[in-house]
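Below: the structure, in structure tokens.
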Amino acid sequence: MARALSLPKAWPGAASAAVSLSFDVDTDAAWRGFNGDGIAERLALMSQMRYGAVRGVPRVLAALAATDVRATFFVPGATALAYPDLVRRILSEGHEVGHHGHHHLAPHKISVAQQREEIERGLEALTPLIGAAPVGYRAPFAEITPETLALLVEHGIGYDSSCMGDDRPYVEEAGASAILELPIEWRLDDAPFMLKTEDDGSLDHAGDVLRQWSEEIDQAADERRSTTIVMHPEIIGRGARVVHLETLIREARERHALWLAPLAEVAAHLRDEGIEP
Ligand SMILES: [Zn+2]
């Protein structure tokens with residue numbers, strides 16, 4: 001179930017829309033625990049994921065610095081343990097680090113005990129690096145269950161960004177649990193358009209997805225709402241794609257006054273405006 005929330009009377013800086021760029025830093029380290037089945041032996045697939053840590057994140061950070069944008073990076077605990085300096089660099093450049101499981105296990109495919117372990121090990125890995133518990137959560141594979149929602153509430157997570165029930169902040173509910181949802185949507189995710197592995201996926205739709213994101217920002221500005229774009233450093237951080245992202249940001253700013261902010265700041269702004277779950 002879900003509950004709608006009103007939009008804030010204003011966004012900071014009198015912006016017409018709040019736009020959050022978010023990056024899921026999955027990496028080889030997180031995927032090693034992914035459902036077993038010998039995935040760690042697949043060196044090429046692991047290297048494709050490792051690229052995100054080696055080259056993707058630095059490219060993305062450079063693009064964000066060049067456009068003066070602060071964003072949200074959802075980091076699995078195993079990624080944080082394998083690449084702590086990368087997480088420190090993300091934080092030192094002013095970005096938010098959120099929770100993205102530990103071994104990137106899909107909540108709906110594991111037991112409740114495993115779900116608890118994913119949440120708690122992720123918190124244990126991220127909290128010392130951040131210096132506080134992460135404020136937000138995005139589920140691996142963008143799927144949560146009623147048990148996930150209860151675990152998030154139990155562990156004091158302030159918002160979730162995995163569900164798709166509205167195109168503006170709302171409350172996602174299951175049983176007695178409720179959480180502020182900063183929603184996403186497959187159309188606003190780089191993976192369905194641009195991720196190709198041996199198993200599945202497609203390539204060369206960069207133009208399509210960038211046009212869709214640009215149109216999404218236009219419509220968000222028309223409706224004075226917020227929107228969230230989902231990216232992966234191993235995908236958007238390849239070659240010239242990150243240049244296209246920079247162009248998208250610059251052109252959108254020429255058309256609209258935008259508040260480009262990490263999701264935690266959007267959540268804090270809603271709270272300041274008295275809009276709470
Ligand atoms: Zn992920």
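Each ligand, and each atom within it, is numbered from 1 in the order the structure gives. Owing to the predicted nature of the structure, the values given are computational and were not obtained by experimental measurement.
Taking the ring axis of Tyr51 as reference, the NZ or CZ atom of Arg238 stays within 45° of it and closer than 6.0 Å to the ring centre.
Contact check on Arg168 versus Glu223 returns a salt bridge, with a Lys/Arg side-chain nitrogen under 4.0 Å from an Asp/Glu carboxylate oxygen. Note on Arg50 versus Glu234: no salt bridge recorded, every NZ/NE/NH1/NH2 to OD/OE distance being 4.0 Å or above. A salt bridge links Glu265 and Arg70; the closest N-O separation between the charged side-chain nitrogens and carboxylate oxygens is under 4.0 Å. Ion pair Glu216/Arg187 flagged as a salt bridge, since at least one NZ, NE, NH1 or NH2 atom sits closer than 4.0 Å to an Asp/Glu carboxylate oxygen.
For the side-chain contact (heavy atoms from CB on, under 4.5 Å) criterion with Val57, the lone passing option out of Val54, Leu61, Val60 is Leu61.
Around the Zn ion (ligand 1), the protein contributes the following N, O or S atoms at distances under 2.8 Å: Asp26 OD1, Asp26 OD2, His100 NE2, His104 NE2.
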